[in-house]
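Chain letters run A, B, ... following the sequence lines, proteins first, then strands; residues in each count from 1. Excluded from the calculations below are hydrogen atoms, water molecules and symmetry mates; all remaining heavy atoms, backbone and side chain alike, are included.
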Amino acid sequence: MRTPGTIGSALARFGASRSLLAGAHLHSHLLKSGLLASYSNHLLSFYSRCRLPSAARAVFDEIPDPCHVSWSSLVTAYSNNGMPRDALWAFRSMRGRGVPCNEYALPIVLKCAPDVRFGAQVHALAVATRLIQDVFVTNALVAMYGGFGMVDEAKRMFDEPGGERNAVSWNGMISAYVKNDRCRDAVGVFREMVWSGERPNEFGFSCVVNACTGSRDWETGRQVHGMVVRTGYDKDVFTANALVDMYSKLGDIEMAAVVFEKIPAADVVSWNALIAGCVTHGHDHRALELLLQMKPLGVVPNVFTLSSVLKACAGAGAFNLGRQIHGFMIKADADSDEFVAVGLVDMYAKDGFLDDARKVFDFMPRRDLILWNALISGCSHDGRHGEVLSLFHRMRKEGLDLDVNRTTLAAVLKSTASLEAICHTKQVHALAEKIGLLSDSHVVNGLIDSYWKCGRLDYAIKVFEESCSDDIISSTSMMTALSQCDHGEDAIKLFVQMLRKGLEPDSFVLSSLLNACASLSAYEQGKQVHAHLIKRQFTSDVFAGNALVYTYAKCGSIEDADMAFSGLPEKGVVSWSAMIGGLAQHGHGKRALELFHRMLDEGVAPNNITLTSVLSACNHAGLVDDAKKYFESMKEAFGIDRTEEHYACMIDILGRAGKLKDAMELVNNMPFQANAAVWGALLGASRVHRDPELGRMAAEKLFTLEPEKSGTHVLLANTYASAGMWDEMAKVRKLMKDSNVKKEPAMSWVEIKDKVHTFIVGDKSHPRTREIYGKLAELGDLMNKAGYVPNVEVDLHDVDRSQKELLLSHHSERLAVAFALISTPSGAPIRVKKNLRICRDCHVAFKFISKIVSREIIIRDINRFHHFTDGTCSCGDYW
DNA sequence: CTAGGGTTAG
């Protein structure tokens, strides 16, 4: 015969080990032997522990007169099994039956408190019944207040004078601080606890490790780790997991793995923490290996594991594995988890399967901010800009309780920039202001980028200035905007300001600065930036390296560009395109094409920009047949669709070569509306090949397409002049006067040392004007002796021949070259830049001058470079 | 027989 004590402890044991069969067997035995009434409370507790609240309720209902222990056990059965509303109902029933409140029921009912109002009522009850003196009750109140974000109220309970404190009180307080993002305070409480002589247990350790992680206090974290090892709590799975999490977040994956290895029974959380660490620190393959190791050890991945692993799949390009995981999740009914959905959307988007990403998104019953962001970013990245805007508007309409954040706005701004949709950019701007994101550097960058691409550099500058951003990222965006909008000088000024503020330039700033130098053709400044790159050891940076190639080419030094190109540690399609484009601009068409074939030999796939450079090389070298070959075969050979730019270039090539009929045929058959570049090319061709009919048509189109441009009138007048149609020419000139169109003043500039010297025609403002004109007169004599005859046809001024000759000889580029001659050592190359096309007469003159002074003269005009050496030009008079 | 504190993902 069993004694009552043994039956009670047997039920407790079965409950603890959740031995349902053994307990149920004992239950029927008690029923048969009529002993049930004596053990109802034991049975209640047993079923509660076996997670069978309904069975517990059935036992309870058979109790004729439940005591406070029966009631408390019932409340516990509901509360511990995820039925807080029933627990509250049971608690209220207990009170309704007049059963006195007790120190067992209060903590558990506090755990079920639906809101802080209810919690405060229980608090008042505890005060009224003096149960507040019970340490269990105060500890529960600390947890309750902490859970509702009232951590200071929790601290008041913790500090209750005369109140008892035990380990749970300390741990609860630390936890309350951690939950409320007050990790530094949590670490403080832990220190106080150690100092007071209370020995931390696994609960305290795990909490404080989390506090260290949250406050990124790795120093204390490592110290706590030491204590954990000394006290043997590194075997506790919760504490060890917190440590793995800490080292994972810190990025010390090796240490995380060391802690992980020593866990006697690593659970799925341990694995998840380590895998997450691998993923966030770029060890995608290691994360995938860990996933494969879990299965043989019998640890089943859960949604946490999968959401991390999906990110690893996307990062490692293991898209097939990712799809398998998706299939597995559908079978396991785990595909409606929001975190997993984010991983799936992100993975499909990175794989370029936006439709699959969209399906996952649409399937979700609820969508949070991060999920919206994942799809919007994916679409934006994939160039589906229209879809981005419609998603954004749908999100704002549907997700009334959703706010947006910097990620949303940055992605949307990327799309408004690509679409040049200024009104959408303004809307985002207003929204950013409303939610206080105008000082966020992501948003500021997006706005700057979007505004300048929408043609409003002024707004971009305003955003930058009002953001008061001192950070290097926003400054880089601003510099890029300035240099792209032909405000290279301001970009350089901004860089100098950054240096003054003590900001250390990174490779991005320097690359942007190089582009500014390129747009200014500032060779000397470009070399200085190169020196910065060397000094800061960014020479192996791919972006900076490509920018160097591009800049040197744009600044007129194809030799430096070639050296920078050779020095690139790895050459991507951008590097090759930059070099090919550079050679093309300098008239080295054959070398450009050779380089293109070397690129193909090395297995680098060209893109549409490469092909533009290739066509441009053919153009500058007059290689019409080669151009035709590339133009016609690019789709089949390289899978590249012909863009508007390719067509414009091809039409230019045909036009220059005098194949005006072929050019017009291409214009009529191309899948685009002819743009200004196309008509400009045709107008130029009509002048060279004396086709005034075509010239008139092209010019008329240009007058409507870009009425602000003055060059059209000039070219048309020149076309009539070249065909000897003087009356028509006079009409155009009259039209120019009447319509108040001003010719853009021709300007040339030259960089001597650190200073840029600018000249206009007949300029007399330079301090060394006398010497400059003296030099020109001296050269004039030598040129005349060598056989130079001024080509006055190019001048359209209504003056006589000798005045025209005088005007020609004082063109801005001549003044710049003369100044360079008198202020640089003999033999040094001369680099001059001009804002318009170089004039035909100056082109002839510089051939003479280069021979007379034995110097290389490099003129960059609006189209290309002209290298004059020993009486010839690199363009072969074909430009 | 009944009560309080801890871990992982986008």
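- Rounded to a whole Å, the CD atom of A:Glu198 is 19 Å from the P atom of B:dG4.
- Between A:Glu202 atom CD and B:dT7 atom P there is a gap of 13 Å when expressed in whole angstrom units.
- Residue-to-nucleotide contacts include no donor-acceptor pair under 3.5 Å from the side chain of A:Ser308 to the base of B:dA9.
- Residues that satisfy the side chain to side chain donor-acceptor pair (under 3.5 Å) test with A:Thr239, not counting sequence neighbours, are A:Asp236.
- In this entry the distance linking CZ of A:Phe304 with C1' of B:dT8 reads 5 Å, nearest Å.
- Between the CG atom of A:Asn80 and the C1' atom of B:dA3 there is a distance of 10 Å, given to the nearest Å.
- Remark: side-chain polar atoms of A:Ser48 are not paired, donor with acceptor, to backbone N or O of A:Leu44 under 3.5 angstrom.
- Side-chain N/O atoms of A:Ser73 include none lying less than 4.0 angstrom from OP1 or OP2 on B:dC1.
- Here side chain to side chain donor-acceptor pair (under 3.5 Å) pairs that include residues 327-349 of chain A, with residues two or more places apart or in two chains, are A:His326-A:Tyr348, A:Asp346-A:Lys350.
- For A:Trp372 and A:Phe392, the gap between ring centers reaches or exceeds 6.0 Å.
- For residues 76-87 of chain A, the pairs satisfying side chain to side chain donor-acceptor pair (under 3.5 Å) are A:Arg57-A:Tyr78, with sequence neighbours left out.
- Residue pairs that meet the ring-ring contact (aromatic ring centres under 6.0 Å, His included) test with at least one member in residues 184-205 of chain A, sequence neighbours left out, are A:Phe205-A:Tyr233.
- Here A:Phe60 pairs with A:Trp71 under the ring pair (Phe, Tyr, Trp, His ring centres under 6.0 Å) rule; sequence neighbours left out.
- For the pair A:Ile275 CD1 and B:dT8 P, the interatomic distance rounds to 15 Å; values are reported in whole Å.
- The distance from atom CZ of A:Phe60 to atom P of B:dC1 is 19 Å, rounded to the nearest whole Å.
- DNA chain B is contacted by A:Glu103, A:Tyr104, A:Pro107, A:Ile108, A:Lys111 of residues 96-111 of chain A, taking any non-hydrogen atom closer than 4.0 Å.
- Contacts between residues 228-252 of chain A and DNA chain B, counted as heavy-atom distances below 4.0 Å, involve A:Asp236, A:Phe238, A:Thr239, A:Asn241, A:Asp245, A:Lys249.
- At whole-Å resolution of the value, NE2 in A:His42 and P in B:dC1 are 5 Å apart.
- Contacts between residues 121-134 of chain A and DNA chain B, defined by a heavy-atom separation under 4.0 Å, are made by A:Asp134.
- For A:Asn210 against B:dG6, a side-chain-to-base donor-acceptor contact under 3.5 Å is absent.
- Checked by distance alone, A:Asn166 brings a side-chain donor or acceptor within 3.5 Å of a matching partner on the base of B:dG4.
- A salt bridge does not link A:Lys359 with A:Asp362: every distance from a Lys NZ or Arg NE/NH1/NH2 to an Asp or Glu carboxylate oxygen is 4.0 Å or more.
- Applying the salt bridge (Lys or Arg N to Asp or Glu O under 4.0 Å) test to pairs two or more places apart or on separate chains, those with a residue in residues 160-174 of chain A are A:Asp159-A:Arg165.
- In this structure A:Arg156 satisfies the salt bridge (charged side-chain N to carboxylate O under 4.0 Å, His left out) test together with A:Glu153, sequence neighbours excluded.
- Sorted by first and then second residue, the pairs that involve residues 247-273 of chain A and meet side chain to side chain donor-acceptor pair (under 3.5 Å), not counting sequence neighbours, are A:His225-A:Tyr247, A:Asn241-A:Asp267, A:Asn241-A:Ser270, A:Asp245-A:Lys249, A:Glu254-A:Arg286, A:Asp267-A:Ser270, A:Asn272-A:Asn302, A:Asn272-A:Thr305.
- Contacts of A:Tyr145 classified as ring pair (Phe, Tyr, Trp, His ring centres under 6.0 Å), with partners at least two apart in sequence or in another chain: A:His123.
- Distance CZ (A:Arg49) to C1' (B:dA3): 11 Å, rounded to an integer number of Å.
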